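Remember, it's a predicted structure, so these values are computed and weren't measured experimentally.
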Amino acid sequence: MNSIPKEICDRFAAHLYKWAEDYPRQLPWKGERDPYRVWLSEILLQQTQVSRGIIYYDAFVSRFSSIEALAAASDDDVFKLWEGLGYYSRCRNMLKAARLIVNELDGRFPSTYSEILKLPGVGPYTAAAIASFAFGEPKAVLDGNVYRIYARFFGVDLIPNAAKSKSHFQNLADQMLDRENPARFNQALMDFGATHCTPRNAKCETCAVRDLCFAFQHNRVEELPRKKTPIKKRERRFAYLVITDESDQTLLLKRPEGDIWAGLYSFPLIECDENHIFEKELETFLSQSGLEVLNSVQHSSKQYKQTLSHQKIFGSFYGIRVNSVSHYRLLAETAYESVAWSSLGDVAFPRMIRQYLEDRFSSLFEF
DNA sequence: CAATCGTGGTT
DNA sequence: TAACCAAGATT
């Protein structure tokens, strides 16, 4: 690949720094050097808008003031704090990394890019961010903002994140980085992308580098970066069984690895495909459950819909009254648990289940 | 390496 | 509305 003239790099950086002074952006983690806090913010911000990340960052910092405190917390408590943010494997990997650092690295956060990169849940972007922000190492971040800025600035006609094009963008980013001030440069670049060189309605009229910008000069700002081909969404139908007994216990299960919402809790569910009729499945489930059913369908909810990145979930909830959930056949040997109804407010649920509980039972949780 | 993993903001 | 996409990582 051709190298970028030094003059271009220098002029870009100078304009970028001037822009950052003209458009200050205050964020809770800005200028932060504590690697724990930098790491925490970057994990929370993966595929997450800054405005939402701030809310969870404040909650996590307030609850866990050190990596030792985080490492010592229970999985369920941390998942509860993460509830609603999505991409829950981040939460699981965050806990793994915290415990690894505390238990095996004597609490010392790794201080180089290559060592940081080994942490669970830390990929090239996050490692570069932590290395530059917390340790001043000259590593160029490559996130959605950076893809967009350089796709436009250099007129790169490649789809971002495709494995083949990533190395091209990384090469550009590496050359453009101000190696004397990596933290300042990375921060300003992402701020610029997030607020000025935006996906739509980019503020080209007040952009100081537009004279150098390929997309602006060729009137292709709206076309770049190239869009990813849209994904097909699998449709799934979940029938949740809200089973309660006379002691106000209910059945929950912890969702396993390998499917959505791993690590969160759920009511037992019957997944209905086209060929399976819910009523028959329910009859089979109950007859094999060991439960003494008092009222097989005490109530049924409306149908909830939730669109995920790769799936569209249709969910309905069916209230079932039994004598005692402790008779459930799989309780002892599987991920199923008997939980007091009054404690459901402390359980981490997927959005759809939390929504159902609020719709139907909000008065019981003192929200 | 292309598919998978959530949820909500924005237009 | 529906598409786009957000400080990506993992498999």
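Interface residues of residues 256-267 of chain A facing DNA chain C, ordered by number: none; criterion, heavy-atom separation under 4.0 Å.
As a whole-Å value, the separation of A/K232 NZ from B/dT4 C1' is 15 Å. What separates CD1 of A/I231 from P of B/dC5 is a distance of 10 Å, to the nearest Å. Following rounding to the nearest Å, A/R234 (CZ) and B/dC5 (C1') show an atom-to-atom distance of 12 Å. Atom CZ in A/R354 sits roughly 16 Å away from atom C1' in B/dG6 (whole-Å rounding). Here B/dG8 presents its P atom at 17 Å from NZ of A/K305, a figure rounded to the nearest Å. The distance from atom NZ of A/K312 to atom C1' of C/dA2 is 10 Å, rounded to the nearest whole Å. Atom CG in A/N201 sits about 13 Å away from atom P in B/dT10, given to the nearest Å. The distance from atom CZ of A/F79 to atom P of B/dC5 is 15 Å, rounded to the nearest whole Å.
Residue A/L85 is classed as a base contact, given a heavy-atom separation below 4.0 Å to a base. Among the heavy atoms of the strands lying under 4.0 Å from A/G84 are primed sugar atoms or P, OP1, OP2 only; no base atom is included.
The residues A/E337 and A/K254 are annotated as not salt-bridged, no charged nitrogen and carboxylate oxygen being separated by less than 4.0 angstrom.
Relative orientation of the A/Y304 and A/F317 rings is perpendicular, given thresholds of 30° and 60° on the angle between their planes.
Nucleotides C/dT11 and B/dG6 have their P atoms positioned 14 Å apart, rounded to a whole Å. The separation of B/dC1 from C/dG8, taken at their C1' atoms, amounts to 15 Å, rounded to a whole angstrom. When the P atom is used for both B/dT11 and C/dA7, the distance is 13 Å, rounded to whole Å.
The only member of A/L142, A/L189, A/V156 that meets side chain to side chain contact (heavy atoms under 4.5 Å, CB included) when paired with A/Y150 is A/L189. The one candidate from A/F238, A/Y240, A/F278 that meets the ring-ring contact (aromatic ring centres under 6.0 Å, His included) condition with A/Y318 is A/F278.
Remark: A/Y23 pairs with A/W19, A/H196, A/T206 by the side chain to side chain contact (heavy atoms under 4.5 Å, CB included) rule, at least two apart or across chains.
Defined by atom type and a distance below 3.5 Å, a donor-acceptor pair is missing between the side-chain atoms of A/E83 and A/Y88. No donor-acceptor contact under 3.5 angstrom links the side chains of A/S165 and A/R226, judged on distance only.
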For this session: Indicate for each nucleotide in nucleotides 4-11 of chain C, in 5' to 3' sequence, whether protein heavy atoms under 4.0 Å reach the base (B), only the sugar-phosphate (S), or nothing (-).
Result: BSBBBSS-
For this session: Test A/L119 against A/K96 for side-chain contact (heavy atoms from CB on, under 4.5 Å), laying out the working first.
Result: CA-CA 8 Å; A/L119 295 172; A/K96 271 191 204 167; over 6 Å; no
For this session: Would you sort out whether A/F361 and A/Y356 count as a side-chain contact (heavy atoms from CB on, under 4.5 Å), showing the intermediate values?
Result: CA-CA 8 Å; A/F361 303 107; A/Y356 161 76; 3.6 Å; yes
